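Basis for what follows: all heavy atoms, side chains included, without hydrogens, waters or symmetry-related copies. As the structure is a computational prediction, the values presented were derived from the model and not from experiment. One is the number of the first residue; the rest follow in order along the sequence.
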Amino acid sequence: MKPIRVLIAKPGLDGHDRGALIIAQALRDHGMEVIYTGLRQSAIQIARAAIQEDVDVVGLSSLSGAHKSLFPKVVKALEEQGASDIPVIGGGVIPAEDIPFLEEQGVKKIFTSGSPTDATAIYIKQLIHKRTINAPKKIAHIGIAVESIDTALPFYQHTLGLEVEAVEKVESEQVRVAFLKIGETMFELLEPLSDDSPIQTFLTRKGEGVHHIAVEVEDIEKRLQQYKEQGIRLIHEQPKQGAHDSQIAFLHPKAANGVLFELCQQGEGE
């Protein structure tokens, strides 16, 4: 398999290239061929270089604050040169508020200044080999740790007006679960069945409250494998049996700023 070729460019009048050089080296460390065009490149110069070098991806770096103008110009220049099939990604000092605009303008992915360099390399590999991860479908449920489901239920039933859909035991987690539907998602009340239950550990440390957020995904095994490749901390490296015949796995809360996320793949017929 031939190496992925990436063009790294600094559009506009940005006079600093340290960040671009760091990214270029990180991509080389991942076995990619990197062409660096240097500083102060126009959009048309970048597009023509990308075509001439027959690259797979164009990576733009900006520290000047002009990314909202410059990045879309590169996307447009590639289109005008008949090379719209070359994806454009960007990084640098880019506020999170600007990401939706840039992606609407055709930039495939934005990496903010806090992104690990390896994340860029892994994303490029997944993009070129068509192994990018689809976004979760929706919030499957919000798990709430309680000492007793029977004690907690009146609030959800009578104050919020929700109905109990089912109550079941999940032996793999040593937990009893009550399901209450709200819109397209669920509240799950989680009561420990033993002192060995992770929910009992949570209650002992933090008391009752929100325990985790579960997102519904497809192909959970593939997703976990890709997370491992990205160096994402996981509690479960393989899916395990969950409620309603689902497959579940938890990411480590340190991977998500202290939030415990559960991946949930629904069982057949769910």
Side-chain angles (χ1 to χ4, degrees), residues 96 114 116 133-228 230-270:
I133 298 173
N134 293 327
K137 292 181 177 181
K138 64 179 182 180
I139 294 178
H141 63 262
I142 298 172
I144 301 170
V146 298
E147 297 282 358
S148 165
I149 286 175
D150 294 337
T151 301
L153 269 181
F155 171 79
Y156 294 90
Q157 287 181 294
H158 309 310
T159 303
L160 294 184
L162 304 178
E163 294 183 0
V164 179
E165 291 224 333
V167 179
E168 72 176 76
K169 294 180 180 179
V170 181
E171 298 295 344
S172 65
E173 295 294 310
Q174 279 295 288
V175 67
R176 180 173 174 241
V177 188
F179 302 92
L180 301 104
K181 189 171 181 61
I182 177 168
E184 292 187 352
T185 187
M186 291 264 192
F187 286 132
E188 286 190 0
L189 306 185
L190 307 166
E191 174 190 317
L193 292 176
S194 72
D195 290 341
D196 296 329
S197 168
I199 297 302
Q200 183 58 63
T201 302
F202 179 89
L203 289 168
T204 301
R205 289 174 52 230
K206 297 185 177 181
E208 294 182 308
V210 174
H211 178 261
H212 69 271
I213 299 172
V215 292
E216 186 175 323
V217 301
E218 296 176 341
D219 202 343
I220 189 171
E221 291 186 1
K222 176 181 176 182
R223 185 176 291 265
L224 288 171
Q225 180 59 40
Q226 292 187 2
Y227 284 165
K228 284 192 284 186
Q230 290 176 275
I232 303 298
R233 293 186 65 178
L234 304 172
I235 292 177
H236 302 125
E237 294 191 357
Q238 297 293 330
K240 59 193 301 185
Q241 190 70 35
H244 292 330
D245 197 32
S246 63
Q247 294 289 301
I248 66 170
F250 283 89
L251 280 64
H252 198 286
K254 288 188 177 179
N257 302 97
V259 179
L260 179 61
F261 276 99
E262 176 188 350
L263 306 180
C264 178
Q265 181 174 312
Q266 297 294 349
E268 294 296 326
E270 287 296 328

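Among residues two or more places apart in sequence or in another chain, the side-chain contact (heavy atoms from CB on, under 4.5 Å) test is passed with Pro116 by Ala119. Every residue two or more places apart in sequence or in another chain that forms a side-chain contact (heavy atoms from CB on, under 4.5 Å) with Gln225 is listed here: Lys228, Glu229. Residues satisfying the side-chain contact (heavy atoms from CB on, under 4.5 Å) criterion with Glu188, sequence neighbours excluded, are His141, Val177, Phe179, Leu190. The side chain to side chain donor-acceptor pair (under 3.5 Å) test applied to Ser194 returns Gln174, not counting sequence neighbours. The salt bridge (charged side-chain N to carboxylate O under 4.0 Å, His left out) check on Glu221 picks up nothing, with sequence neighbours excluded. Contacts of Thr151 classified as side chain to side chain donor-acceptor pair (under 3.5 Å), with partners at least two apart in sequence or in another chain: Ser148. Residues satisfying the side chain to side chain donor-acceptor pair (under 3.5 Å) criterion with Gln265, sequence neighbours excluded, are absent altogether. Every residue was checked against the ring pair (Phe, Tyr, Trp, His ring centres under 6.0 Å) condition with His252, not counting sequence neighbours, and none meets it. Residues satisfying the side-chain contact (heavy atoms from CB on, under 4.5 Å) test with Val164, not counting sequence neighbours, are Leu153, Gln157, Val167, Leu180.
No more than 12 heavy-atom neighbours from other residues, nucleotides or ligands sit within 6.0 angstrom of CD on Gln238. Within a 6.0 Å sphere centred on NZ of Lys254, heavy atoms belonging to other residues, nucleotides or ligands number 12 at most. Counting heavy-atom neighbours within 6.0 Å of Lys222 NZ, excluding the residue itself, gives a total above 12.
The ring pair (Phe, Tyr, Trp, His ring centres under 6.0 Å) contacts involving residues 155-174 comprise Tyr156-Phe187, where partners must be two or more places apart or lie in separate chains. Within the structure, salt bridge (charged side-chain N to carboxylate O under 4.0 Å, His left out) pairs that include any residue of residues 155-178 comprise Asp150-Arg176, Glu173-Lys240, Arg176-Glu191 (at least two apart or interchain). Residues in residues 191-210 take part in these ring pair (Phe, Tyr, Trp, His ring centres under 6.0 Å) pairs, two or more places apart or across chains: Phe202-His211.
The line from CG of Asp219 to CG of Asn134 is 9.5 Å long, rounded to the nearest 0.5 Å. Between the CG atom in Asp195 and the OG1 atom in Thr201 there is a gap of 8.5 Å [rounded to 0.5 Å]. Between the CD1 atom of Ile139 and the CD atom of Glu184 there is a distance of 11.0 Å, given to the nearest 0.5 Å.
Of the candidates Pro239, Cys264, Ser246, Ile220 forms a side-chain contact (heavy atoms from CB on, under 4.5 Å) with just one, namely Pro239.
Side-chain atoms of Glu237 and Leu224, non-hydrogen and from C-beta on, never get closer than 4.5 Å to each other. The side-chain heavy atoms of Leu263 and Ile248, taken from C-beta on, include no pair separated by under 4.5 Å. With contacts defined as side-chain heavy-atom distances shorter than 4.5 Å, the pair Leu160/Ile182 does not qualify. Residues Pro253 and Ile235 form a side-chain contact, since some pair of their non-hydrogen atoms from C-beta on lies under 4.5 Å apart.
For Val215 against Pro136, the heavy-atom pair with the smallest separation is CB-CB, 3.7 Å. Across all non-hydrogen atoms, the minimal contact from Ala145 to Ile199 is CB-CG2, 4.0 Å. For His236 against Phe250, the heavy-atom pair with the smallest separation is ND1-N, 3.1 Å.
A donor-acceptor pair under 3.5 Å is formed between the side chain of Glu208 and the backbone N or O of Glu147.
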